[in-house]
Amino acid sequence: MPFLAQQTSMRGERETPTCSLCSGRGSLEHLLSSCPKSMADGRYCWHHDQVLKAVAENIALAISTTKHHHALKKAIFFIKAGERPRAGPQITTGLLHTAPDWQLHVDLGKQLILPQHIVTTSLRPDMIIISEASKHLNMLELLVPWEERIEEANERKRAKYQELVEECKGRV
């Protein structure tokens, strides 16, 4: 992350901080989302990929836990006469519990391409979770805008994928 260089006037008053990478106005917004030098150096991509990796690891863990729960649903537990049933694992509800065959694909290290049997597109979400059994495709694209522009960025991302969503729904 670039450092801010504080410029001090002769009277000791602080002036606007500058970015040490590009000499632009060094506001927090500039440092986190709009420093051209930082963006060109790939620093934004590194931060993006670190967040994506953490999200992917948690979703992968949830998928493997869900697969374990699907196996438990099929098991029959017998109780001997006079014994009380033991508390079994809690089966929760949620999207991942709707199918046993979830597959996670993440845009880390290689470019993510949606499976062609589902849809052909040039769009590249950051992550997809697919279930062939339930015919579900979940897409995730990280959204890291500055706070004042978060609604605008959300609308832009939704509009970007709207045609793809409609095409996928039409194939079901």
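Along the sequence shown, the residues carry numbers beginning at 1.
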- request: Please name all residues satisfying salt bridge (charged side-chain N to carboxylate O under 4.0 Å, His left out) with Glu57, sequence neighbours left out, ordered by chain then number.
  value: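 Glu57 satisfies salt bridge (charged side-chain N to carboxylate O under 4.0 Å, His left out) with no residue once adjacent residues are dropped.
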task: Could you tell me which residues satisfy salt bridge (charged side-chain N to carboxylate O under 4.0 Å, His left out) with Lys37, sequence neighbours excluded, listed by chain and number?
output: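 Partners of Lys37 under the salt bridge (charged side-chain N to carboxylate O under 4.0 Å, His left out) test: Asp41.
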Looking at [atom1] of [X] and [atom2] of [Y], how far apart are the two atoms once the value is rounded to the nearest 0.5 Å?
X: Ile130; Y: His105; atom1: CD1; atom2: NE2; value: 4.0 Å
X: Leu61; Y: Leu104; atom1: CG; atom2: CG; value: 11.5 Å
X: Leu112; Y: Asp126; atom1: CG; atom2: CG; value: 8.5 Å
X: Asn58; Y: Ile63; atom1: CG; atom2: CD1; value: 11.5 Å
X: Glu155; Y: Gln162; atom1: CD; atom2: CD; value: 12.5 Å

Does [X] have more than 12 heavy atoms from other residues, nucleotides or ligands lying within 6.0 Å of its [atom1]?
X: Arg158; atom1: CZ; answer: no
X: Lys160; atom1: NZ; answer: yes
X: Glu83; atom1: CD; answer: yes

Is any side-chain heavy atom of [Y] closer than 4.5 Å to one of [X]?
X: Cys168; Y: Ile118; value: yes
X: Ile128; Y: Pro115; value: yes
X: Glu163; Y: Thr121; value: no
X: Ile129; Y: Leu95; value: no

- prompt: Where do Met127 and Val55 come nearest, in terms of heavy atoms and distance?
  reply: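 Shortest heavy-atom separation between Met127 and Val55 comes out as CE-CG1, 3.8 Å.
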query: Closest heavy-atom contact between His48 and Leu142?
result: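 Nearest heavy atoms, His48 then Leu142: O-CD1, 3.5 Å.
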[Y] reachable from [X] in the ILVMFWY side-chain graph, under 4.5 Å edges:
X: Val106; Y: Ile113; answer: no
X: Trp102; Y: Leu52; answer: yes
X: Leu96; Y: Leu140; answer: yes
X: Leu123; Y: Leu137; answer: yes
X: Val51; Y: Ile59; answer: yes

